[in-house]
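A short worksheet on the structure shown next.
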Amino acid sequence: MRRYAQLFHHWFRSLLLLSLLTATGAQAAEKIDLIIDTDPGADDVVALLFALASPEELQIRALTTVAGNVRLDKTSRNARLAREWAGREEVPVYAGAPKPLLRTPIYAENIHGKEGISGVTVHEPKAPLAKGNAINYLIDTLRAAKPHSITIAMLGPQTNLALALIQAPDITQGIKEVVVMGGAHFNGGNITPVAEFNLFADPQAAEVVLKSGVKLTYLPLDVTHKVLTSDARLQKIAALNNNASKVVGDILNEYVKGDMEHYGIPGGPVHDATVIAYLLKPELFTGRQANMVIDSREGPTFGQTIVDWYDGLKQEKNVFWVENGDAQGFFDLLTERLARLK
């Protein structure tokens, strides 16, 4: 009887070890291979700290920068600042496109301040930019990648990826998904009555990405304007009392003022950070597949994203359009991740 008990004990231990190894392997397999394309920007910096604090889920290959909220030299410096604040200097930062494909450049200094980050003092980061440029980096990396393996988080104008696709259309084989903060449908725009800034800043680039056939998810103003700061949520971030929470608190306390006043809302959106939350915990968000087109014609609807939400035209559903999100779940997750940083 004792021999059977020993055999059962060894069998049970082996089974338990196998299940642990299987679970560990599954977790490793689920890690997202990620490139973050960004134009920091106050909310971009929050998004970058959020992402850089999540190495268990996000294997960040690089940050690629683009002109958008401010000029390229400032967005590139701000991305390196976020990297420094997160203590993740090993993540390379590549500078990309200094201007849109066709349109006259525009910036959002009225929202983000002249340096691109309001509420904090900027400085020149210790770690420099990576050698080379973002467009070549995207081409080389996506060509060398396993089929449909790399996710791209798109937090600004889509110029870098569009230029890469124009030069090397075959790189779509390396892309698993492109997750975009951009666009507006139900909510209306934030730079014109119908257009959101990232699309308005380079609608032709967004069209190139849309027409490339890659898997696309959009987190538009429709959802970001439902995920708002509150005094209680900002107080929880402040209570972490580390450097990252102080940076995020100082940025948000200044950044959200404009939207609160302009829209008459009780808190402010943290637009780009919703992309990171979606990657980490997609169950916080809901949406549907729909057909979307982008208006790149000069005129009052320039930069508008037109979404056939009710499928009236019976066209190909080419994007997953996120329409709602769990605001408290978002801020709980953001706060938990910021607590991991210094």
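Index from 1, following the sequence.
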Do NZ/NE/NH1/NH2 and the carboxylate oxygens of [X] and [Y] come within less than 4.0 Å?
| X | Y | value |
| --- | --- | --- |
| R337 | E57 | yes |
| E336 | R340 | yes |
| R143 | D140 | no |
| K246 | D250 | yes |
| K74 | E115 | yes |
| D311 | K317 | yes |
| R83 | E90 | no |
| E89 | K126 | no |

Which pair of heavy atoms, one from [X] and one from [Y], lies closest together, and at what distance?
| X | Y | value |
| --- | --- | --- |
| T224 | L228 | O-CD2, 4.1 Å |
| N78 | V45 | O-CG2, 4.4 Å |
| A206 | L199 | CB-CD1, 3.3 Å |
| L49 | A82 | CD2-O, 3.5 Å |
| P203 | A201 | CD-C, 4.0 Å |
| P125 | R80 | CG-CB, 3.6 Å |

T159/D202 under side chain to side chain donor-acceptor pair (under 3.5 Å): CA gap, chis, key distance, verdict: CA-CA 7 Å; T159 319; D202 199 343; 2.8 Å; yes
Any side-chain heavy atom of [X] within less than 4.5 Å of one from [Y]?
| X | Y | value |
| --- | --- | --- |
| I117 | Y255 | no |
| T217 | V178 | no |
| R77 | V122 | yes |
| V248 | F50 | no |
| L341 | V247 | no |
| E109 | V70 | yes |
| V180 | Q158 | yes |

Exceeds 12 heavy-atom contacts within 6.0 angstrom, atom NZ of K236: no
CD (E261) with more than 12 external heavy atoms under 6.0 Å: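 No, the 6.0 Å shell around CD holds no more than 12 heavy atoms from other groups.
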Under a 3.5 Å cutoff, is there a donor and acceptor pairing between the side chains of [X] and [Y]?
| X | Y | answer |
| --- | --- | --- |
| E323 | T286 | no |
| D295 | T301 | yes |
| D332 | T335 | no |
| E207 | S296 | yes |
| Q235 | D231 | no |
| E254 | H112 | no |

Return the [atom1] to [atom2] distance between [X] and [Y], rounded to the nearest 0.5 Å.
| X | Y | atom1 | atom2 | value |
| --- | --- | --- | --- | --- |
| S54 | I276 | OG | CD1 | 8.0 Å |
| Y107 | D39 | OH | CG | 11.0 Å |
| I171 | L142 | CD1 | CG | 5.0 Å |

Six-ring centre of F200, R103 cation under 6.0 angstrom, axis tolerance 45°: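 Checked: cation-pi criterion met.
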Salt bridge (charged side-chain N to carboxylate O under 4.0 Å, His left out) between D33 and R61, worked out: CA-CA 7 Å; D33 212 1; R61 285 177 170 246; 3.0 Å; yes
Evaluation steps, side chain to side chain contact (heavy atoms under 4.5 Å, CB included), between L219 and Y278: CA-CA 9 Å; L219 285 100; Y278 178 83; 4.0 Å; yes
Plane angle bin for H271 and H225 - parallel if under 30°, tilted between 30 and 60°, otherwise perpendicular: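 The rings of H225 and H271 sit tilted, inter-plane angle from 30° to 60°.
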For T64, the option from N133, T141, I152, D37 that meets side chain to side chain contact (heavy atoms under 4.5 Å, CB included): D37
Identified ring pair (Phe, Tyr, Trp, His ring centres under 6.0 Å) partner of W321 from the options F186, Y310, Y218: Y218
Stepwise side chain to side chain contact (heavy atoms under 4.5 Å, CB included) check, N136 with Y94: CA-CA 10 Å; N136 287 341; Y94 292 88; over 6 Å; no
